[in-house]
Structures are given as structure tokens and as C-alpha cells.
Amino acid sequence: MRKMTQLVGTFKNGENKTHRWSFGEWRSDQSPRVIQQELERLTELAILDEAGIEIFKTVVAAAFVQTTETVIFGLESEPREEDTEDELQQTIEELLPKEAKGQKLTLTEQIDLLFAHQPSGSRLKGFRFEALEDFQIEESDGQLQVILRRSPNVLL
């Protein structure tokens, strides 16, 4: 049995559409107040997708999501197909430099690294928002959710 805890932040983009970001492989020794402050720092970064839409316009919410995985048979290390791409969540690691991936950093360290790697006002080449029309998921405010997707042949 494997237990995992992720921090999931919900944001509005520059078009006021909702999207979620997962902060995995992070040290959870930060208080809720610090976590809120750090997520709000992302709104100061003003990074844009390739179409010029601001990615982190406002913070809506954050939650710890705990998952328990119990293997019934087979090897625990075998990747499951649904783990390869979560259609509703993106991970902050997608925006960090390659050398940071897999490191266990605090939320502050991750956001500091993002600030160092992506200057304010940067446009992320190969990233663009897409509506999740396939899922027909709507938030309580009636806004269709979106996901920031990377073109498969574009590297950071």
C-alpha cells in the first residue's frame, strides 16, 4: 500500500477560466498561511501561454489530496496507464527546468526556481490553454475548465 499527498492549487487564468495545478514531490513542512502566500506569489509572475493568456491570474483555492494505492496483483513499480497524463491537473514540474524534476523541494523553493527560470511576462513557447470540452466539467460559476497543454515536440 502506498500513500501519497499532493497539494492541488486552483487558479483562474487571464480569461477567467479555471485550471488546477498539482505540486508533487514537495516537502510539506510549510504552514497553510505560507502555502497561500506562495500560491499568490505565482500571480505576480505574470507568465503567459503562447497566445498571451496569463496562466496564474488569481488563486481560487488549495487542498491537500491524499491518495492510497493498494496493489492487488502485479508489481508496484509498473506505471499505470492513467498515471501517464491526468487530464484535469497539471504539475508545476512541467514549468521548471529539467534539473529540478524529481527533487523534493518546498513550495517556496519550487516557486523561487520558477521565478528564476521564467522572468515576469515570459511567453511559454509551445504551451496553450485548451478547453476540456470532452469532459463537460463546469465550475460552480459556470466557467468551463481549461488545461495548459504543451506541444509534444517543444522542450523548455
Asker: For the pair Phe11 and Phe56, name the ring-plane relationship: parallel under 30°, tilted 30 to 60°, perpendicular over 60°.
Answerer: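 Rings of Phe11 and Phe56: perpendicular, over 60°.
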
Asker: Do Lys3 and Thr67 have side-chain atoms, one donor and one acceptor, less than 3.5 Å apart?
Answerer: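 On atom types as modelled, these side chains do not qualify, holding no pair under 3.5 Å.
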
Asker: Rounded to the nearest 0.5 Å, how far apart are NZ of Lys98 and NE2 of His117?
Answerer: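 One gets 10.0 Å once the value is rounded to the nearest 0.5 Å.
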
Asker: If you apply the rule side chain to side chain contact (heavy atoms under 4.5 Å, CB included), what do you find for Ile35 with Phe23, and how did you get there?
Answerer: CA-CA 11 Å; Ile35 290 169; Phe23 299 83; over 6 Å; no

Asker: When clusters are formed by joining ILVMFWY residues with side-chain heavy atoms under 4.5 Å apart, either directly or through shared neighbours, do Leu48 and Val59 land in the same one?
Answerer: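 Not linked; separate clusters.
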
Asker: Is there a path of hydrophobic side-chain contacts, each under 4.5 Å between heavy atoms of I/L/V/M/F/W/Y residues, joining Leu42 to Ile53?
Answerer: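 In one cluster: yes.
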
Asker: Quick one, Thr106 and Val34 - any side-chain contact, counting heavy atoms below 4.5 Å?
Answerer: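 No; the side chains remain at least 4.5 Å from each other.
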
Asker: Roughly how far, to the nearest 0.5 Å, is the CG atom of Leu95 from the CG atom of Leu113?
Answerer: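 Taking CG in Leu113 and CG in Leu95, the distance rounds to 11.0 Å.
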
Asker: Does Arg41 form a salt bridge (charged side-chain N to carboxylate O under 4.0 Å, His left out) with Glu38? I'd like the steps, not just the answer.
Answerer: CA-CA 5 Å; Arg41 269 184 65 205; Glu38 292 303 325; 2.7 Å; yes

Asker: With side chain to side chain contact (heavy atoms under 4.5 Å, CB included) as the criterion, how do Phe64 and Leu7 come out once you've worked through the C-alpha distance, each side chain's angles and the decisive distance to 0.1 Å?
Answerer: CA-CA 5 Å; Phe64 289 117; Leu7 172 66; 4.3 Å; yes

Asker: For Thr18 and Lys12, indicate whether the former's side chain and the latter's backbone hold a donor-acceptor pair under 3.5 Å.
Answerer: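 Checking the backbone N and O of Lys12 against the side chain of Thr18, no donor-acceptor pair under 3.5 Å is found.
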
Asker: What pair of heavy atoms forms the shortest contact from Leu39 to Ala62, and how long is it?
Answerer: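 Closest approach of Leu39 to Ala62, heavy atoms only: CD1-CB, 3.6 Å.
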
